[in-house]
Number of protein chains: 2
Amino acid sequence: METIAENQKVRTVKKLEKMFGHIDFKNPPELCPVRDVMSVASDQWSTLILLWLGYFPVLRFNKLKKYVYGISNKVLSQRLKVLEADGYIQRKAYPEVPIRVEYSLTAFGRSYVEKLLDLAEWMHDNSPKVMANREKYGLL
Amino acid sequence: METIAENQKVRTVKKLEKMFGHIDFKNPPELCPVRDVMSVASDQWSTLILLWLGYFPVLRFNKLKKYVYGISNKVLSQRLKVLEADGYIQRKAYPEVPIRVEYSLTAFGRSYVEKLLDLAEWMHDNSPKVMANREKYGLL
DNA sequence: CAGTATCCCCCGGGATACTG
DNA sequence: CAGTATCCCGGGGGATACTG
């Protein structure tokens, strides 16, 4: 029990070292790839799109729009394009009339969704706690 | 090897079921707590703040501002307030002159940073791949 | 030092209409 | 059906100056 917690802590520190240990605080990199990647992949809408594509192997534009409720045409097509460019999803168009387009995760995208899902699950499980905290804070 | 991958897949599907299985697609909830919590906790600036607070147990306003380079006064204090309200961090003010204020993670915040860190690590490790994808896509 | 207060700007993104 | 094209708006957020 104690050792498990200890191990977790050690691993956490290791990861933090890995991410932050090498940064020169005097001269912060003006272009941080991690920030860049993050800005695409962990954007609100993108997250939802990816999770739904994790749930359904293949989705078409309008289905996606229904599941990611609240998203507009513009933003959806925008996000899809970027997610495709970054290699998370793939677009397959069938030259029928009317045209049919199918979106699905790439292997790379699937590996990301796996991670993403851990986080989403945490939020799912802990949102009541957050709400409670928020409530309590409001009363102070 | 094969079974490990299989197991991973099964677990992923389980999680997706848990998150999406119960949603009524006809009547999407107009207020989704997960989205709400997500909008705070996985905001760009908040993420960086939390990660730095994972790295340094205690940080003061101006230190934080230096590490989370690029953030403005306004946004930093805004995010700190929200993160405190949601229970991720705690604020401790010492009535000295000039005043000293220390921010640190709560236990709850630490549990979140753990998850967050997994994702951040993934991005750290995979950002080259994303950049390569992006490059290649640009050439098409 | 740790923030507020103020001003201002810009663009993300919604709504709608349209097209191949 | 799967998007683009346009228009338009609000407010998120940057810069700066100020204060307890």
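Below, read A as the first sequence line, B as the second, and so on, with proteins coming before strands; counting in each chain starts at 1. All values reported here derive from a predicted model rather than from experimental measurement.
- If you measure from atom CD of A:Q78 to atom C1' of C:dG14, you get 12 Å, rounded to the nearest angstrom.
- Annotation: the span from B:E102 atom CD to B:Q90 atom CD amounts to 10.5 Å, rounded to 0.5 Å.
- Between A:S72 and C:dG14, a side-chain N or O to OP1/OP2 separation shorter than 4.0 Å is present.
- Between D:dC1 and A:Y103, no contact under 4.0 Å exists linking OP1 or OP2 to a side-chain N or O.
- Shown for residues 79-95 of chain B: residues whose heavy atoms fall under 4.0 angstrom of DNA chain D, namely B:R79.
- Relative orientation of the A:W52 and A:Y55 rings is perpendicular, given thresholds of 30° and 60° on the angle between their planes.
- Counting only heavy atoms from C-beta outward, the side chains of A:S104 and A:K92 never approach each other to under 4.5 Å.
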Taking only Watson-Crick and G-U wobble pairs with both distances under 3.5 Å, what dot-bracket line describes DNA chain D, where [ ] shows pairs that cross earlier ones and | shows pairs with another strand?
||||||||||||||||||||

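- Side chain of A:S46 to backbone of A:V40: a donor-acceptor contact under 3.5 angstrom is found.
- For residues 72-96 of chain B, every residue pair satisfying the ring-ring contact (aromatic ring centres under 6.0 Å, His included) rule, not counting sequence neighbours, is listed here: B:Y88-B:F108, B:Y88-B:Y112.
- Side-chain atoms of B:I49 and B:L83, non-hydrogen and from C-beta on, do get closer than 4.5 Å to each other.
- For the pair B:Q44 CD and D:dG12 C1', the interatomic distance rounds to 14 Å; values are reported in whole Å.
- Taking atom CD1 on B:I71 and atom C1' on D:dT16, their separation rounds to 17 Å, with Å as the unit.
- Rounded to an integer number of Å, the gap from CG of B:D43 to C1' of D:dG11 is 15 Å.
- Between A:F20 and B:Y67, the ring centre distance reaches or exceeds 6.0 Å.
- Taking the nucleotide of DNA chain D with the nearest heavy atom to each of A:V101 and A:K74, the more 5' of the two is matched to A:V101.
- We find the OG1-CG distance between B:T12 and A:L116 to be 11.5 Å, quoted to the nearest 0.5 Å.
- In this entry the distance linking CG of A:L48 with P of C:dG13 reads 13 Å, nearest Å.
- Of the side-chain N and O atoms in B:R100, none sit less than 4.0 angstrom from OP1 or OP2 of C:dA2.
- The separation between A:K65 atom NZ and D:dC1 atom P is 11 Å, rounded to whole Å.
- Rounding to the nearest 0.5 Å gives a distance of 4.0 Å between CG of B:D36 and CE of A:M131.
- Put simply, B:N73 has no side-chain N or O that comes within less than 4.0 Å of OP1 or OP2 on C:dG3.
- Atom CG in A:L64 sits roughly 14 Å away from atom C1' in D:dC1 (whole-Å rounding).
- The CD1 atom of A:I99 sits 13 Å away from the P atom of C:dG20 (whole-angstrom rounding).
- Taking only side-chain atoms of A:W45, from C-beta outward, the nucleotide of D:dG13, C:dG14, C:dC1 with the closest atom is C:dG14.
- In A:E135, the CD atom is not crowded: 12 or fewer heavy atoms of neighbouring residues, nucleotides or ligands sit closer than 6.0 Å.
- Side-chain N/O atoms of A:S77 include none lying less than 4.0 angstrom from OP1 or OP2 on D:dA2.
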